Amino acid sequence: MTYWKICKQGSQKEGKAVMSDLPKDKLPKQEKKVVKLPADGTRGKEKAGRTKDPMSNVFGLDDHGFSEDHTGGMTPNTYQLGPLKQFPVSAVSHILKEEINNNLHDEKYDVQHCRHLTLMLCEEIRNRVKELLIPRFKTVVLVHIGQLNGQGMQISSRCLWDPSFDTFTSYSFKNSSLFCSATVYGVYFE
């Protein structure tokens with residue numbers, strides 16, 4: 001039995017219900033207005049063309065709780081703990097050498113041009129590695145191009161990976177005016 005009912009019953013014994021019988025912090029709650037939706041599931045103030053509840057779109061689910069994305073892009077579980085074949089380091093290394101030597105052998109260093117060359121080399125190397133169709137490996141391509149002025153340079157990276165499956169290959173190049181260092185990481189994706 002709620003506090004309001006107890007106080008109401010107690011004050012009815014005296015013959016009248018008085019609000020002062022309730023403590024100040026326990027005032028009765030106001031009734032909430034309940035709005036009924038039409039049977040077709042639409043709302044009166046919705047924008048034209050919208051027929052679904054906005055919450056279903058947030059989660060990507062339709063009215064029955066199924067995914068709207070019926071693309072089938074997910075592969076079923078294989079319970080495979082390792083790759084069927086290792087990452088082809090020698091083939092990727094050959095791609096690195098070929099792309100860098102072909103694109104940079106007579107280039108002179110220019111800031112704007114080398115910025116464009118870096119992006120172009122990354123795309124070309126990534127596309128050629130993708131053509132190898134290496135299953136379950138994610139590839140990361142890093143290319144650094146800089147001016148050659150007799151300075152020293154160290155490039156390092158840190159990764160969290162499984163050394164039994166994940167690997168990398170790198171290649172360094174320099175001519176009379178620039179240097180290039182490129183690295184391709186092959187990380188096994190379970």
Side-chain angles (χ1 to χ4, degrees), residues 47-50 52 54-62 65-190:
K47 294 180 182 176
R50 288 182 59 192
K52 293 187 179 178
M55 288 303 291
S56 66
N57 291 336
V58 170
F59 297 107
L61 301 176
D62 64 4
F66 296 108
S67 174
E68 292 178 343
D69 180 38
H70 304 290
T71 59
M74 297 291 292
T75 56
N77 290 337
T78 60
Y79 305 103
Q80 181 179 337
L81 297 178
L84 297 176
K85 62 178 187 173
Q86 294 295 321
F87 189 78
V89 175
S90 59
V92 174
S93 181
H94 178 71
I95 290 171
L96 271 177
K97 290 176 188 175
E98 187 177 302
E99 287 294 329
I100 290 173
N101 288 333
N102 289 343
N103 288 306
L104 297 179
H105 69 281
D106 353 336
E107 290 291 330
K108 298 291 182 194
Y109 183 78
D110 177 48
V111 175
Q112 297 300 322
H113 183 65
C114 286
R115 185 177 297 164
H116 171 70
L117 273 175
T118 303
L119 294 173
M120 183 198 62
L121 276 172
C122 280
E123 285 295 317
E124 287 182 13
I125 292 168
R126 185 178 62 88
N127 289 336
R128 291 217 23 216
V129 170
K130 274 185 164 183
E131 289 173 0
L132 296 175
L133 299 174
I134 308 164
R136 292 183 169 241
F137 275 94
K138 289 192 179 263
T139 56
V140 178
V141 178
L142 296 176
V143 175
H144 302 276
I145 297 177
Q147 186 176 14
L148 194 60
N149 282 337
Q151 76 275 23
M153 179 87 168
Q154 289 185 342
I155 299 172
S156 62
S157 63
R158 296 173 65 176
C159 303
L160 180 64
W161 67 12
D162 184 359
S164 59
F165 303 131
D166 305 333
T167 188
F168 73 97
T169 183
S170 64
Y171 179 70
S172 296
F173 169 87
K174 67 180 175 177
N175 63 15
S176 60
S177 69
L178 61 84
F179 70 90
C180 176
S181 173
T183 307
V184 175
Y185 296 94
V187 182
Y188 181 66
F189 182 66
E190 293 180 346

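Model, not experiment: these values are computed from the prediction.
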- Are Ile125 and Leu96 close enough that some pair of their side-chain heavy atoms sits under 4.5 Å apart? yes
- Query: Checking side-chain contact (heavy atoms from CB on, under 4.5 Å) for the pair Ile155/Thr183: CA distance, chi angles, key distance, verdict?
  - Reply: CA-CA 10 Å; Ile155 299 172; Thr183 307; over 6 Å; no
- Query: side-chain hydrogen bond (donor to acceptor under 3.5 Å, both in side chains): which pairs involve residues 155-166, sequence neighbours left out?
  - Reply: Ser157-Tyr185, Asp162-Ser164
- Item | Residue pair Thr139, Val92: steps toward the side-chain contact (heavy atoms from CB on, under 4.5 Å) verdict | CA-CA 10 Å; Thr139 56; Val92 174; over 6 Å; no
- Those residues that, when tested against Ser172, pass side chain to side chain contact (heavy atoms under 4.5 Å, CB included) (two or more places apart): Ser181
- Task: Supply the atom-to-atom distance Tyr171 OH to Lys97 NZ, rounded to the nearest 0.5 angstrom.
- Result: 7.0 Å
- ring-ring contact (aromatic ring centres under 6.0 Å, His included) partners of residues 83-127, not counting sequence neighbours, each pair once: Phe87-Phe137
- Message: Measuring only between side-chain heavy atoms, which start at C-beta, is Cys114 closer than 4.5 Å to Leu178?
- Response: yes
- Task: Give a yes or no on whether the backbone of Gly82 and the side-chain of Tyr188 come within a donor-acceptor separation of less than 3.5 Å.
- Result: yes
- Give the C-alpha distance, both sets of side-chain angles, the deciding distance and a yes or no for side-chain contact (heavy atoms from CB on, under 4.5 Å) between Glu107 and Ser177. CA-CA 8 Å; Glu107 290 291 330; Ser177 69; over 6 Å; no
- Item | Set of residues satisfying side-chain hydrogen bond (donor to acceptor under 3.5 Å, both in side chains) with respect to Glu123, sequence neighbours excluded | Arg126
- Decide yes or no for Ile95 and Val184: does some side-chain heavy atom of the first lie under 4.5 Å from some side-chain heavy atom of the second? no
Which donor-acceptor pairs under 3.5 Å do side chains of residues 140-152 form with protein atoms, sequence neighbours excluded?
unit_1: Gln151; atom_1: OE1; unit_2: Asn149; atom_2: N; d: 2.7
unit_1: Gln151; atom_1: NE2; unit_2: Gln147; atom_2: O; d: 2.7

- Ignoring hydrogens and angles, tell me if any N or O in the side chain of Asn103 forms a donor-acceptor pair with the backbone of Leu117 under 3.5 Å. no
- Drop me the distance from Cys122's SG to Asn127's CG, to the nearest 0.5 angstrom. 11.0 Å
- salt bridge (charged side-chain N to carboxylate O under 4.0 Å, His left out) against Glu99, all qualifying residues, sequence neighbours excluded: Arg128
- To the nearest 0.5 Å, how far apart are CD1 in Ile100 and SG in Cys180? 4.0 Å
